[in-house]
Q: 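Handing you this structure, nothing more for now.
Proteins get letters first, then strands, A, B, ... in listed order; numbering begins at 1 in each.
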4 protein chains.
Amino acid sequence: MSSLAKQPASPRKRPRQARARVTVDAILQASTRILQKQGLEKFNTNHIADVAGVSVGTLYQYFPSKDAILIELIRQKRSQLSDALADAAAQSADLTLEQALDNLLRVTIAHQLSWPMVGRTLDYAESFLPLADESFNFKRELTDIISTLLAKFSVPNADMVARDLIFALNGLIEGILATHNADADQIFTRAQFLAHGYINAVREN
Amino acid sequence: MSSLAKQPASPRKRPRQARARVTVDAILQASTRILQKQGLEKFNTNHIADVAGVSVGTLYQYFPSKDAILIELIRQKRSQLSDALADAAAQSADLTLEQALDNLLRVTIAHQLSWPMVGRTLDYAESFLPLADESFNFKRELTDIISTLLAKFSVPNADMVARDLIFALNGLIEGILATHNADADQIFTRAQFLAHGYINAVREN
Amino acid sequence: MSSLAKQPASPRKRPRQARARVTVDAILQASTRILQKQGLEKFNTNHIADVAGVSVGTLYQYFPSKDAILIELIRQKRSQLSDALADAAAQSADLTLEQALDNLLRVTIAHQLSWPMVGRTLDYAESFLPLADESFNFKRELTDIISTLLAKFSVPNADMVARDLIFALNGLIEGILATHNADADQIFTRAQFLAHGYINAVREN
Amino acid sequence: MSSLAKQPASPRKRPRQARARVTVDAILQASTRILQKQGLEKFNTNHIADVAGVSVGTLYQYFPSKDAILIELIRQKRSQLSDALADAAAQSADLTLEQALDNLLRVTIAHQLSWPMVGRTLDYAESFLPLADESFNFKRELTDIISTLLAKFSVPNADMVARDLIFALNGLIEGILATHNADADQIFTRAQFLAHGYINAVREN
DNA sequence: GATGAATGAGGGTTCATTCAT
DNA sequence: GATGAATGAACCCTCATTCAT
């Protein structure tokens, strides 16, 4: 369902064989683990290869550069969120705005929890990776999902409201995750408050 | 008004001569400029010294390490925000909750605009700098300012609401700044919507 | 025969390919040559790599730090002496005390001559390297060899006498080597005088 | 009584005024203390000036270079030993060889104890300082004192024996000091054994 | 004379990337 | 395809020395 462009800096070699697929996955998983536990500082190709259990040479057969790995991670993460949100939106066709928003919220929070600690780091990585167009498209994709939902319920300024809601929720979720180890339910309740309150304010205005 | 601890990683040498003060400022300004224009990737001591128009050796007379410069910038930025918010809060003693919040909002936005592009980077830098305690205190300080205000107007759960509001607004402001070059007024209007909507939702609950 | 602990600061990577073994040897030989000809002042990693005909990066693949190279040299030197002395002691089982001592003396002098000029420098290096335990064990090992021999011939205070004899002989040999280019025989004769004289004095006491 | 040449690398400025004398002493004492407690690694001009309570600029008014300070320390140390030994020798004119040697030994040990930990470091420093001639003269001076004494009692090969005795005793004393905190008496007893034994062996031969 | 700010060459170490085996 | 040894530019930091005030 995601329609992100996949051309620049994509994996050097399409893994057609099972073994190759396994190698690429090992590299990406090792990368994620390093990002989670040690951050960008220890995110270096030798270390990644080591953790992945392959040689650096092999790593470079599948990824043309270190940044390409980061880019692939970002794409996967975005892809997952994008798909999950689109799914949730599709399944919320008959619900009220609040109910539909809640579903999207749950999906978003679950997604963030499945990439623990990595969110902020990948967000920062975006700033130096050549992903401008892709990032723009991704944000539009997300915004469109929300914006379409809002428009369906005649919320004014749907597009801007969608963008701002995403920014605010992102800030809230990242913020909570960065401080306490809150569980999904708690985060949901707090995010729900924010979302409902904001949307109501916009509608009543 | 800010009472942040200033001990670890503080400047190596307190500048006694006027010349030294100038040098330290040049280093900090060069650092800020580099962070703004080129990010952490080009934030290296040789480059900083170069841009500042001093030698590396001089840089190291005033800062014990590269990280110490980042830390000093973070402290200055925090200190400024902390002080400005405390001032604004003090001057809002006789206003309504909404008016008081608006004042704090304006101060916050003005502050962010005065450190363009640097917010996200310094936020990320926090993750690898030894600032846990200091960051905790700073966040508490901010939270306390908002929380006190909310409590005064009998908003329930003042502390948690304050924290979440800060997270959300931070996400919103950073988000807007990262995409468009919005002006202070536009950001204010959008942030105001969020803040009022959220707070109203909490009150009515 | 030497049983020195080999854990801290050991080579970073165990050379698996023949090529790697060659590289490590080149680095250690270059290091020794530099210590001999230019001393600790010119003992820097870039220079070592240069002389060894490898890049600095390669050097750091096998040694985690500059000091680790020094430590490895010290270990090799000690190991050689330790082994040679143990051998000589074993082969001197049926000899008189004087004859056995002479054998040990010859081995020691030959050993020093095979590491020309490096003795004093490595001795000094010990003072700033984290080798306390290892040094202690090495000294005990040497002392034990002599001490056991002395005890066998009922020399009183064998342990202390062994230690003092080692100190004195070390001073003598280093001293002679530092001034004239004496040959092994000449050094032997002079050291023999000292050793026999000292031991006789102890026995007659 | 010492007649060491004092020309190369001597203090830049003869301290004629009391204040200057005080400054030079402060620098030399700070240097000694640093050498004792932290070794050559922390022996740097900024640190020395700091500990001495003067500015680096001032330090360079009295010493043309860092090495000049080391050289001056070596000269002072040598001068003290030289003078003390000459005194002791002069006062031992009517004693037996053993008694005279004991006196020299006591003086030597006392001297070493008054420069704790610094002996080995300064010995090493000699290796890279331009002191060849001076060192040669100093060693000759010491050797002459012993050698003259030995010759007076018809010890054969007085010169070589003197040299070797000095080497051996130096090794012994440094060795003992480096391992245990032995007191002067204990060191004396052990050194005496060595000296007497060695000399007796030479005489009887 | 004294001060201490400034200099910059030098040296330790890392890590993305290449390439012979 | 895979390996891992090798490379070297780049970066952090120190410290002997100078010089304006």
Side-chain angles (χ1 to χ4, degrees), chain A residues 13 17 19-20 23 41-50 54-69, chain B residues 12-13 15-24 41-50 53-68, chain C residues 12-24 41-50 53-69, chain D residues 13 17 19-20 23 41-50 54-69:
Chain A
K13 193 183 278 190
Q17 306 160 11
R19 183 159 54 134
T23 303
E41 293 74 55
K42 291 289 173 191
F43 187 79
N44 69 67
T45 53
N46 290 293
H47 189 195
I48 296 168
D50 215 40
V54 301
S55 68
V56 226
T58 299
L59 184 153
Y60 272 89
Q61 291 210 330
Y62 293 103
F63 295 93
S65 73
K66 175 179 149 173
D67 282 356
I69 301 176
Chain B
R12 192 174 251 179
K13 179 194 280 188
R16 301 183 200 177
Q17 302 179 3
R19 184 163 53 137
R21 181 74 250 155
V22 168
T23 302
V24 169
E41 295 72 56
K42 291 290 174 190
F43 188 78
N44 71 65
T45 52
N46 290 298
H47 190 195
I48 296 168
D50 226 39
V54 301
S55 66
V56 225
T58 295
L59 185 155
Y60 276 93
Q61 293 226 336
Y62 297 102
F63 297 93
S65 71
K66 175 177 136 164
D67 283 355
Chain C
R12 192 174 250 180
K13 178 194 281 189
R14 203 135 295 282
R16 300 179 201 180
Q17 303 179 2
R19 183 164 49 138
R21 182 75 250 154
V22 168
T23 302
V24 168
E41 294 72 54
K42 290 291 173 189
F43 188 78
N44 69 66
T45 52
N46 290 296
H47 190 197
I48 295 169
D50 226 39
V54 300
S55 66
V56 225
T58 295
L59 185 155
Y60 275 93
Q61 294 226 336
Y62 298 103
F63 297 94
S65 69
K66 175 177 138 166
D67 282 355
I69 302 178
Chain D
K13 190 183 278 187
Q17 305 160 13
R19 181 158 58 133
T23 303
E41 294 73 54
K42 291 289 173 191
F43 187 77
N44 69 66
T45 51
N46 290 294
H47 189 194
I48 296 168
D50 215 39
V54 301
S55 67
V56 226
T58 298
L59 185 154
Y60 273 89
Q61 291 210 330
Y62 293 103
F63 295 93
S65 72
K66 175 179 147 171
D67 283 355
I69 301 176

Q: How long is the line joining CZ of C:Phe63 and C1' of F:dA5, in whole Å?
A: 15 Å
Q: Tell me: CG of B:Asp50 to P of F:dC12, nearest whole Å?
A: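 Checked: the CG to P distance equals 13 Å.
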Q: Which nucleotide in the set E:dT13, E:dA2, E:dG11 lies at the smallest distance from any side-chain heavy atom of C:Val56?
A: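 When the side chain of C:Val56 is considered, E:dT13 is the closest of E:dT13, E:dA2, E:dG11.
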Q: The test is side-chain contact (heavy atoms from CB on, under 4.5 Å); show your working for B:Phe63 and B:Val24 and say whether it passes.
A: CA-CA 9 Å; B:Phe63 297 93; B:Val24 169; 4.1 Å; yes
Q: Which atom names give the shortest non-hydrogen contact between D:Ala49 and D:Leu59, and what distance separates them?
A: N-CD1, 3.9 Å
Q: Nearest to the side chain of D:Tyr60 - E:dG12, E:dA5, F:dT18?
A: F:dT18
Q: Which nucleotide in the set E:dT7, F:dT14, E:dT13 lies at the smallest distance from any side-chain heavy atom of B:Ser55?
A: E:dT7
Q: Quick check: on DNA chain E, is the nucleotide nearest C:Asn44 upstream (toward 5') of the one nearest D:Thr58, or the reverse? Name the residue that is more 5'.
A: D:Thr58
Q: In whole Å, I'd like the distance from the CD1 atom of D:Ile69 to the C1' atom of F:dT17.
A: 12 Å
Q: Specify the closest pair of heavy atoms between D:His47 and D:Lys42, including all atoms of both residues, with the distance to one decimal.
A: ND1-O, 3.0 Å
Q: On DNA chain F, compare the nucleotides closest to D:Phe43 and A:Gly57; which residue's is nearer the 5' end?
A: A:Gly57
Q: Side chain of C:Gln61 only, heavy atoms from C-beta on: which candidate in E:dG12, F:dC13, F:dA6 is closest?
A: F:dA6
Q: Measure NE2/B:His47 against P/F:dC13 and give the value in whole Å, please.
A: 17 Å
Q: Are the side chains of D:Tyr62 and D:Val54 in touch, meaning some heavy atoms are under 4.5 Å apart?
A: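 SC-SC contact between D:Tyr62 and D:Val54 ruled out.
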Q: Identify which nucleotide among F:dC12, E:dC15, F:dA16 has an atom closest to any side-chain atom of D:Asn46, counting heavy atoms from C-beta outward.
A: F:dA16
Q: State which of E:dT17, F:dT7, F:dC13 makes the closest approach to the side chain of B:Thr45.
A: F:dC13
Q: Please tell me if B:Thr23 has a side-chain N or O lying less than 4.0 Å from either OP1 or OP2 of E:dA6.
A: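 Checking B:Thr23 against E:dA6: at least one side-chain N or O falls below 4.0 Å of OP1 or OP2.
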Q: Over how many whole Å does the gap from D:Leu59 atom CG to E:dT3 atom P extend?
A: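 After rounding, the gap between these two atoms is 11 Å.
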Q: Can you measure D:Tyr62 atom OH to F:dT17 atom C1' for me and round it to whole angstrom units?
A: 18 Å
Q: Closer to the 5' end of DNA chain E via nearest nucleotide, is it A:Asp67 or C:Glu41?
A: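 Taking each residue's closest nucleotide, the earlier one in sequence belongs to C:Glu41.
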Q: Hunt down the Watson-Crick or G-U wobble partner of F:dT18, both distances under 3.5 Å, from any strand shown, or write none.
A: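 WC or wobble partner is E:dA5.
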Q: Which pair of heavy atoms, one from B:Lys66 and one from B:Phe43, lies closest together, and at what distance?
A: NZ-O, 2.9 Å
Q: Without decimals, in angstroms, what is the distance between B:Lys66 NZ and F:dC12 P?
A: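 Going from B:Lys66 (NZ) to F:dC12 (P), I get 4 Å.
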